[in-house]
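Here the structure comes first, spelled out in structure tokens, and everything after it is commentary.
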Amino acid sequence: MAAAHSDFLHHLNPAQRQAAQHYCGPLLVVAGAGSGKTRALTYRIANLLLQRRVDPESILAVTFTNKAAREIKERVETLLAEQQALTTAGRPLGELPASQQTRLRSEVYRRITKPMWMGTFHSLCARILRLDIEKYQDEQGRRWEKTFSILDESDTQALVKDIVLNDLNLDEKRFEPRSVRYAISHAKNQGLTPRDVERQEANYRGRVVADIYTRYQQRLAENNALDFDDLIGIPVRLFRQNEQILAYWHQRFRHILVDEYQDTNRIQYDLVQLLTTNGEDSRTFEAWQDRSIFVVGDADQSIYKFRGADFTILLGFQGDFGDGLPDDDTRTMIKLEENYRSTATILTAANALIEHNTERIDKILRPTRDPGEAITCYAAEDEQDEAHYVVQQIRTLARQNSALNWGDFAILYRTNAQSRVFEDILVRANLPYVIIGGLRFYERKEIKDALAYLRLLINPADSLSLLRVINTPRRGIGKTTLDRLQDMAQTLGLPLWEVLQDGTAVQTAAGRAARPIETFVNLLQRWRVVVDQTPAPDLIQGILEESGYRRELEVQGTDESLDRLQNLQELYNAALQYGEENEDPSLAGFLQNVSLASDLDGYSENQPRVTLMTLHSSKGLEFPVVFMVGMEQGLFPNFRSMNDPAALEEERRLCYVGITRAQECLFLSHAASRRLYGNQREAAIPSDFLSELPRDCLRLDGSGRPNPYRMSGASVSPDRRRPPEPMSEARAAVPQTWAVGDQLIHDKFGPGEVTHVFGEGQRLNLAVRFVQAGHKILDPKLARLRKVN
DNA sequence: AGACGCAAGGTTTTT
DNA sequence: CCTTGCGTCT
């Protein structure tokens with residue numbers, strides 16, 4: 001493309017442009033909320049393609065949702081099509097005839113956007129595995145086929161539960177499936193195999209968990225199935241055990257970009273590290289001539305610790321990949337601190353809040369906009385009152401301001417359960433709304449049933465799916481029969497499906513249920529023959545018809561059944577759409593896509609509907625008017641986090657994320673009492689986070705009752721918020737200096753060692769690995785640290 | 001085999 | 001409030 005257009009980066013600010021022009025080598029972009037990081041990312045990709053002539057196939061971009069991937073692709077496509085229009089036709093894209101625009105776009109799509117790999121860690125890894133999983137072998141020598149099933153969270157928990165109850169006869173109370181599953185996930189996210197866990201667990205509970213993990217992994221293998229963590233863990237192990245495969249992908253992906261890097265976990269980091277350096281030590285890796293690693297993140301927005309995310313990975317980036325210089329001038333870090341999204345008032349509040357965290361690198365959001373409106377803080381009587389208030393405000397604002405439509409409002413909450421009241425009131429007020437999250441489409445029973453049939457078609461080893469549908473709809477195949485058949489399969493070491501195909505085996509084990517089993521087996525066998533030649537929508541339609549699934553729902557004829565039929569129709573439509581949008585419209589592709597789809601992926605902010613979602617889901621989005629509701633102690637911050645300083649800081653980051661979603665207006669609300677499980681009413685006190693916001697940013701509002709609001713900055717002692725500083729003379733007089741390797745003692749976390757030093761002078765921060773408490777980022781000015789020689 | 005009713009117990013956040 | 005599990009009845 002002609003050099004005349006090399007100034008296409010002109011609408012970026014200097015820091016963004018610097019990021020976008022980055023070519024080879026490592027670069028960390030520390031991007032505050034609303035600082036235009038997606039823009040920087042998009043332009044960087046466009047710049048690589050246009051100016052650096054990088055092959056689209058060599059670009060790998062990891063995003064946090066599939067939706068984000070789609071959007072970046074679209075934006076790159078637009079940028080390229082525009083440049084193309086200027087060079088070939090000498091006119092902007094918009095001035096060309098519609099047909100020519102379409103032609104240009106589809107050409108860009110074919111040549112550029114499609115060959116780029118963009119998506120979540122999970123979807124990208126699933127894609128790698130569909131090509132390479134058959135070359136992998138685990139520590140037990142087990143193998144998987146490329147028709148593998150992907151289990152969702154409820155499937156895996158059910159599996160754990162089955163192991164706890166039926167294999168090991170353990171007490172479900174002592175080994176709650178959810179927490180055991182969590183422990184397994186945690187182990188996997190650290191890259192630990194069942195054997196590793198067995199080796200390192202000494203106490204009873206640990207050994208039992210290790211045992212469950214071992215059996216769990218065995219069961220996955222028997223079913224030719226993977227959980228979400230395996231999708232990433234297996235490529236990592238495959239790359240470690242097979243140099244050639246790693247070398248292939250390393251050669252292929254020369255430019256790797258990772259968005260939301262602060263929410264990367266250990267195993268994801270390993271994957272990035274392997275692909276970037278071909279398995280060499282990243283500190284000494286030097287072959288950067290035609291390759292790059294470009295990560296974007298913000299430690300203040302790290303909110304996924306519970307799923308293994310570790311923001312010290314972001315803080316360690318320069319030490320890992322860079323030149324090791326820890327200061328702000330290093331060439332491997334760029335900070336985007338200018339915020340284009342929110343009013344100055346909102347940013348003041350956000351900055352003040354996050355200042356209360358000690359574990360962070362110093363960074364502020366610099367406003368580019370006017371102060372705007374004050375933040376409204378509403379003290380509601382109860383959750384009903386709160387919901388009425390919110391809906392009332394929405395109507396008033398929409399009436400007063402013709403530029404606002406329903407889609408400009410978002411209601412954000414800590415837990416999904418809070419959505420119900422708002423939904424009720426919105427329905428009554430007749431306002432259009434959409435709820436993101438909660439019970440997802442693909443988790444509905446009827447959808448899971450239909451998908452189980454399809455999974456079974458391509459993955460006969462998937463006994464979990466088989467058991468789900470063998471008697472759905474009812475065929476008179478009962479528990480005793482199935483138990484017998486499963487025993488038989490167990491003894492023979494075969495998948496259940498193999499046993500079912502053997503007529504004599506079925507006759508012996510099943511008795512009068514033999515007939516219906518035969519019918520069921522025939523049904524699947526018939527469809528299996530044509531599975532590769534039949535489009536996914538037809539398979540769905542056919543199976544639902546011939547299995548009698550649809551008929552059963554039709555016969556029931558209840559409102560619920562009609563709803564389910566409707567959902568199945570939706571599934572059909574989804575398959576149809578998938579077929580249109582993908583060149584490989586195979587059933588396997590569709591199923592994989594479905595397993596990894598999140599609720600947000602289908603969300604379009606362009607629709608004029610009030611959006612309700614959790615604070616977690618809101619990350620990366622923005623709205624002119626935001627309501628953060630349920631700002632109460634125990635709810636937000638959540639009671640499970642209140643006794644753990646690190647967890648509390650994560651809640652605070654979540655609050656920071658929420659505040660920074662707002663562009664023009666921000667409303668915070670809390671209720672004096674709240675219904676907990678439906679019946680009991682519980683008194684609630686305002687969230688500590690409210691008292692951490694500067695008073696002059698806020699405008700207080702109440703329900704008319706005596707205002708229970710106690711926020712007079714003076715009455716909430718600042719001492720409660722931050723532990724009192726023991727103004728040790730030693731520290732006040734002699735400014736302590738710190739270096740990597742220093743041993744120290746923290747009043748709370750005990751002994752530790754400095755592993756990184758960030759920033760300098762007033763902005764100095766330390767990464768410390770504590771013997772007991774693990775890795776922490778501390779500001780030595782605030783934390784109570786004593787150096788030991 | 002399976003439908004139905006009742007009691008009890010449990011809510012963070014998600015790819 | 002909503003799901004899950006268990007017992008009883010057909």
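Computed from a prediction, not measured in an experiment: that's the story for all the values here.
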task = Apply ring pair (Phe, Tyr, Trp, His ring centres under 6.0 Å) to A:H670 and A:F689, showing your working.
result = CA-CA 11 Å; A:H670 62 88; A:F689 296 152; over 10 Å; no
request  = Measure from the ring centre of A:F306 to the centre of the six-membered ring in the base of B:dT14, then say whether that distance is under 5.5 Å and the planes meet at under 30°.
outcome  = no
task = Let me know, please, whether A:A513 or A:L654 comes out on the 5' side of the other along DNA chain B by nearest nucleotide.
result = A:A513
remark   = Ranking A:L596 and A:K479 by the position along DNA chain B of their nearest nucleotide, the one closer to 5' is A:K479
inquiry  = As a test of reading the structure: which of B:dA1, B:dT12, B:dT15 is closest to the side chain of A:R414, going by heavy atoms?
reply    = B:dT12
request  = On the 0 to 90° scale, with breaks at 30° and 60°, tag the A:F520-A:Y453 ring pair as parallel, tilted or perpendicular.
outcome  = tilted
task = Please check the phosphate of B:dT15 (OP1 and OP2 only) for any side-chain N or O of A:S123 closer than 4.0 Å.
result = no
query = Between B:dT15, C:dG5, B:dT12, which nucleotide has the shortest distance from any of its atoms to the side chain of A:S598?
reply = B:dT15
message = Heavy atoms from C-beta onward define the side chain here; which of B:dT14, C:dT4, B:dT12 lies closest to that of A:Y304?
response = B:dT14
request  = Output yes when at least one side-chain N/O atom of A:S595 is less than 4.0 Å from OP1 or OP2 of B:dT15, else no.
outcome  = no
ask   = Closest to the A:H122 side chain: C:dT4, B:dT15, B:dT13?
value = B:dT15
message = Below the 4.0 Å mark, does B:dT14 have OP1 or OP2 next to a side-chain nitrogen or oxygen of A:T65?
response = no
query = At under 4.0 Å, does any side-chain N or O of A:T614 touch on OP1 or OP2 of B:dT13?
reply = no
message = Between A:Y656 and A:N357, does the side-chain hydrogen bond (donor to acceptor under 3.5 Å, both in side chains) criterion hold? Intermediate values first, please.
response = CA-CA 11 Å; A:Y656 176 79; A:N357 273 6; over 6 Å; no
remark   = Side-chain atoms of A:Y677 come closest, of B:dA1, C:dC1, B:dA3, to C:dC1
key: A:N265 side-chain N/O to B:dT15 phosphate OP1/OP2 under 4.0 Å   = no
task = Would you tell me if any nitrogen or oxygen in the side chain of A:R640 comes within less than 4.0 Å of OP1 or OP2 on B:dT12?
result = yes
message = Check this one for me: any side-chain N or O of A:S641 less than 4.0 Å away from OP1 or OP2 of B:dT12?
response = no
inquiry  = If the cut-off is 4.0 Å, is A:R420 near the phosphate of C:dC2, judged by side-chain N/O to OP1 or OP2?
reply    = yes
task = Taking only the side-chain nitrogens and oxygens of A:N189, find out if one of them lies under 4.0 Å from OP1 or OP2 of B:dT15.
result = no
task = Ignoring backbone atoms, establish whether A:R475 has a side-chain N or O less than 4.0 Å from OP1 or OP2 of B:dA1.
result = no
ask   = Do the side-chain N or O atoms of A:R440 get closer than 4.0 angstrom to the phosphate oxygens (OP1, OP2) of B:dT15?
value = yes
query = If we take the P atom in both B:dT13 and C:dT4, what is their distance in whole Å?
reply = 15 Å
request  = Please state whether the phosphate of B:dT13, meaning OP1 or OP2, lies under 4.0 angstrom from any side-chain nitrogen or oxygen of A:N416.
outcome  = yes
query = Do the ring planes of A:Y304 and A:F64 sit parallel (below 30°), tilted (30 to 60°) or perpendicular (above 60°)?
reply = tilted
key: A:Y603 and A:T611 side chains, donor-acceptor separation under 3.5 Å   = yes
